[in-house]
Each structure stands twice: as C-alpha cells, then as structure tokens.
Amino acid sequence: MQHFYFDHNATSPVAPEVLRDLTDSMAEVYGNASSIHHFGQAAKRRLESARRSVAARIGATDREIVFTSGGTEADNLAVFGVARRATRSPRHVITSAIEHPAVLNACSQLEREGVEVTWLPAGSDGLVRAEDVQRAIRAETVLITIMHANNETGVVQPVAEIAAAAREANVPFHSDGVQVGGRLPVNVRELGLDLYSISGHKFGAPKGVGALYVRKGIDLAALLHGGRHERERRAGTENVAGASALGQAMSLDFDWNTLAALRDRLERAILTQVPGTRVNGSTSYRMPNTSNIRFEGIEGEAMVIALDLRGYAVSSGSACSSGAVEPSHVLLAMGLAPEDARSSVRFSLGPGNTVEQVDGLIEAVVSGAAHLRRISPAVLSV
Ligand SMILES: *Cc1c(COP(=O)(O)O)cnc(C)c1O
C-alpha cells in the first residue's frame, strides 16, 4: 500500500536539491569553521554564504542571523535571551495562549523564575488582537512574543500591527515564524520585527537546524556558553552542513498558489460531502497549505488512525502533544469546547502533494468518517 503525506506542519521531507547540498557539505566541507587552515576556511565560507542566503530571504543583514539547532532553540534563545538581559524589575512578558510549546513553556519557565506573564487569548477565528497586545503593555514589559502563523490552524496573526504597537512602547517584539519563514516571502523590516524564529525541517531542510533573526541593537543573552561562535550569541561548533541546507532550502521557489488550490479543493469537498464538519479558525487570514476541520461526533485521533489505515498521514492537534489525550490548547484558547477540540483534524499540505493524492484523501475522509460514525455510539444531529 502507498502512503501519502499531509502533515507538513509537523515536518517536511528534505527537498532533493537540499539533500544534494547536504551530502556534499558533509562529505567535502568537514573542517571546523573556526580553524584557520584550508579546511576550516572552506567550512567558514559555506557557513557565511548560507547566512547571507537566509538573511537575504527575510530582508535582514547577515550579522543579524544566529544559526540554532532548530525552531525550539530559536524560540528559547529569543525569550530567555531578551528577558534575561532586561534590567527593569519587576519584568513582564506578553505572549498568547496559542503559541507553540517552544514559546509557551519557555514563558512558563520565566514565570517560575519570577517574571510576570500575560497570556492573551485568541478569538474564535484564531486571531490574537493587536489591540489586546497594546492594552497589555506596561512600563515593566520587556518582551512581546506572538507567533506569525499558528501551526495547528494555519491562522496568520497581525504581526505588523503588533510590531507597530511594540515599537511605539519601545518593547522588543519576537515572532515565532517557524510556519512561515522559508515558505512564504517574509520581510522582517517591513513587518517591523525585532526577533524572528525559523526552522529548516518545516520547509525542505533537515531536522536540527534553524535560525533566529536578531535585529541589530537588540541585546541578547546567550543560552549556550562556550566558544565565541555566532558572535557570542550561540556557542558550539557550527553545523555547517545543516546551515548550508537551510540556506539552500530558503532559496527554493515553490508555487504556493497551486498548493492553496489543492487545499481549497480538499476543504470544499470535505465540507460538502461529510455532514457535521466545519473549519476551525479564520479562512481569510490563513496559510495556504493548512486546513483544520472539526468532525462532529468523531474523535480526531480515531480519524487520524482511520486515514493512516487508508494510506494518508494527517494530524490531530499538534504533533508535539500527540500521544497525550489532551485536547489542543490552541483550539481551547479559541473558545472551542473540549469535545469539539478533540474532534478536530489538521490537514497540512506541501510541495509533494498532487491533485490525485488530494482526491484519494477526500475519498478516504468520506469513507473514514462514515465508518467511524457507524461504529460510534455518539448520535449525530445535523
Ligand atoms: C515546529 C515548530 C516549532 C519547533 O521547531 P523545531 O525545529 O521542531 O524545534 C516551533 N514553532 C512552531 C510554530 C512550529 O511549528
């Protein structure tokens, strides 16, 4: 049986061009980028060219890019790095209840360390309001961190407006851009961002490499202490092959309009062919590849398994919390009842998906939902 992948918000396959670059750097460019000899300099050149490529794609300068081990480290570096440098006391941080655990749990840790944290809710459309952020700003606020696009719903947050409010109050603004950076065009200057996280494995680079954009002038404490790598913002021998792959993946062009059409085809078919379904979150401010759908009376986990048995990989809630039975914290923060949150499924498309795969998935969803409702005692009233 063939298996098809519709879980690109969890991770993506390595793109063929990136794989070639990766194996080439691993085999040929094995020097330590800090060494002064031929091998070290070759590694340094590859690293710096990757840095320029990442910087150029998001409208930053190369000195503003810190390579990390991924999105989680980039988020942690931003949150702790800024909060720990802030001299005001008491300190206050603003975030939202729909953040990825990489930001959510970093902020919880700050809270345990005595920092006050405001957790803003989202509307039923999945959007955090810029006015709410503005109202939450206090004299003690040292950081605002609100994600760019949500990994579960795909809803794109009003980061430019939030950035404007943050700028006016002179508070650094970090955005977790892991679902957007490398996929859609992003310009950190036009958006007015101070810090921005990206992660390679969400867009065709391997797992274990990411980057944090740190605007010039932002004071950042390091998380990792050791050698003087990355301008003393991140110690450790650089992952040259990973960074190079990240740079390569950033410069791949992909037709997201085609992908949006596939996503819409999938969504429309499910909404019309499966009774008791609705989309979670805004359909206007949304990533082109994501659809989060509620199936009334069906457990999301059961749907994931039913689709997997039919050859289609999707997700319920975020991948990081699957295995746990808790309903999605994102959907709960949007005001969904726990049973509605539990009956939601995320479809996330990527460059490998085709119209044939989408049509196969539609059939699988229709038959899977019918099967689950036949065997489930829950009575459906639509
Ligand atoms: C995947 C993801 C992360 C974590 O990135 P890793 O590279 O897997 O550590 C952080 N934020 C968002 C929004 C994500 O989707």
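Note that the numbering runs from 1 along the sequence shown for the chain. Every heavy atom of this structure was used, including side-chain atoms; hydrogens, water molecules and symmetry mates were not. Small disclaimer: the values here were computed from a predicted structure and weren't measured.
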Exercise. Between Arg91 and Glu113, is there a salt bridge with N-O shorter than 4.0 Å?
Worked result: no
Exercise. Under 3.5 Å, is there a donor-acceptor pair between the side chain of Ser251 and the main chain of Gly247?
Worked result: yes
Problem set entry | With Glu48, the salt bridge (Lys or Arg N to Asp or Glu O under 4.0 Å) member among Arg46, Arg51, Arg45 | Arg51
Exercise. Would a distance-only check, ignoring hydrogens and angles, find a side-chain to backbone donor-acceptor pair under 3.5 Å from Ser53 to Ser49?
Worked result: no
For this session: Flag yes if Tyr30 and Val209 sit in one hydrophobic cluster, no otherwise; membership is Ile, Leu, Val, Met, Phe, Trp, Tyr, and two members link when side-chain heavy atoms are under 4.5 Å apart.
Result: no
Side-chain donor/acceptor pairs under 3.5 Å, residues 10-19, sequence neighbours excluded:
unit_1: Thr11; atom_1: OG1; unit_2: His201; atom_2: O; d: 3.3
unit_1: Thr11; atom_1: OG1; unit_2: His201; atom_2: ND1; d: 2.6
unit_1: Thr11; atom_1: OG1; unit_2: Lys207; atom_2: NZ; d: 3.0
unit_1: Ser12; atom_1: OG; unit_2: His201; atom_2: O; d: 2.7
unit_1: Ser12; atom_1: OG; unit_2: Phe203; atom_2: N; d: 3.3
unit_1: Ser12; atom_1: OG; unit_2: Gly204; atom_2: N; d: 2.9

Exercise. Crowded around Asp255 CG? As in, over 12 foreign heavy atoms under 6.0 Å?
Worked result: yes
Exercise. Counting distance only, does the side-chain N/O of Thr290 pair as donor-acceptor with the main-chain N or O of Met287 below 3.5 Å?
Worked result: no
Problem set entry | From Leu212 atom CG to Ile65 atom CD1, the distance as rounded to the nearest 0.5 Å | 8.0 Å
Exercise. Going from CD1 on Ile144 to CG on Leu195, what distance comes out if it is rounded to the nearest 0.5 angstrom?
Worked result: 12.0 Å
Problem set entry | same_hphob_cluster(Val79, Tyr196) at 4.5 Å side-chain heavy-atom cutoff | no
For this session: Answer yes or no: is there a donor N or O on one side and an acceptor on the other, between the side chain of Asp75 and the main chain of Thr72, under 3.5 Å?
Result: no
For this session: Run the numbers on Arg63 and Glu230 for salt bridge (charged side-chain N to carboxylate O under 4.0 Å, His left out), then give the verdict.
Result: CA-CA 9 Å; Arg63 291 173 164 228; Glu230 301 292 304; over 6 Å; no
Exercise. Do Thr68 and Asn76 come close enough that some side-chain heavy atom pair is under 4.5 Å?
Worked result: no
Seminar exercise, completed: Interatomic distance, CD@Gln41 vs OG@Ser35, rounded to 0.5 Å, equals 8.5 Å
For this session: Measure the spacing between CG of Asp176 and OG of Ser96 and express it to the nearest 0.5 Å.
Result: 10.0 Å
Exercise. Is Glu64 salt-bridged to Arg189, cutoff N-O under 4.0 Å?
Worked result: yes
Exercise. Which pairs with one or both residues in residues 122-131 pass side chain to side chain donor-acceptor pair (under 3.5 Å), sequence neighbours excluded?
Worked result: Asp125-Arg129
For this session: Please step through side chain to side chain contact (heavy atoms under 4.5 Å, CB included) for the pair Val159 and Phe173, ending with a clear verdict.
Result: CA-CA 9 Å; Val159 288; Phe173 176 43; 4.1 Å; yes
Exercise. Would you say the side chain of Ser291 lies within less than 4.5 Å of the side chain of Arg286, judging by non-hydrogen atoms?
Worked result: yes
Exercise. Would a 4.5 Å heavy-atom cut-off, applied to side chains only, mark Asn150 and Gln179 as touching?
Worked result: no
Exercise. Within the distance-only criterion (no hydrogens, no angle test), does the side chain of Ser282 pair as donor or acceptor with the backbone N or O of Ser284 below 3.5 angstrom?
Worked result: yes
Exercise. If two hydrophobic side chains count as joined below 4.5 Å and joins carry through other members, does Val155 share a cluster with Val279?
Worked result: no
Problem set entry | Asp7/Lys202 ion pair, N-O < 4.0 Å | no
Exercise. Which is it for Phe67 and His229 under the ring-ring contact (aromatic ring centres under 6.0 Å, His included) test, yes or no, and what are the steps along the way?
Worked result: CA-CA 10 Å; Phe67 286 117; His229 311 91; over 10 Å; no
Exercise. Can you check whether His148's main-chain N or O pairs, donor with acceptor, with Ser175's side chain at less than 3.5 Å?
Worked result: yes
Exercise. What's the verdict on side-chain hydrogen bond (donor to acceptor under 3.5 Å, both in side chains) for Arg310 and Ser367, showing C-alpha distance, side-chain angles and the deciding distance?
Worked result: CA-CA 10 Å; Arg310 289 164 172 78; Ser367 80; 2.9 Å; yes
For this session: On the 0 to 90° scale, with breaks at 30° and 60°, tag the Tyr312-Phe6 ring pair as parallel, tilted or perpendicular.
Result: tilted
Problem set entry | OG-CG distance between Ser316 and Leu307, expressed to the nearest 0.5 angstrom | 10.5 Å
Exercise. Does any N or O in the side chain of Trp119 come within less than 3.5 Å of the main-chain N or O of Thr95, such that one atom is a donor and the other an acceptor?
Worked result: no
Exercise. Under 3.5 Å, side chain of Ser244 to main-chain N/O of Val240, donor-acceptor pair present?
Worked result: no
Exercise. OH of Tyr5: more than 12 outside heavy atoms within 6.0 angstrom?
Worked result: yes
Exercise. Which distance, rounded to the nearest 0.5 Å, do you find between the OG1 of Thr118 and the NE2 of His92?
Worked result: 2.5 Å
Seminar exercise, completed: Residues at least two apart in sequence or cross-chain that pass side chain to side chain donor-acceptor pair (under 3.5 Å) with Glu116, listed by chain then number, are Arg138
Exercise. Between Thr141 and Ile137, is there a donor-acceptor pair closer than 3.5 Å when you use the side chain of the first and the backbone of the second?
Worked result: no
Exercise. Does the pair Val29 and Phe39 meet the rule for a side chain to side chain contact (heavy atoms under 4.5 Å, CB included), with working shown?
Worked result: CA-CA 7 Å; Val29 195; Phe39 298 90; over 6 Å; no
Exercise. Does the Glu73 side chain pair with the main chain of Ser69, one donor and one acceptor, at a distance under 3.5 Å?
Worked result: yes
Exercise. Can a donor-acceptor pair be found between the side chains of Asn289 and Ser348 at a distance below 3.5 Å?
Worked result: no
Problem set entry | Name of the residue among His329, Glu152, Gln157 meeting side chain to side chain contact (heavy atoms under 4.5 Å, CB included) with Ile98 | Gln157
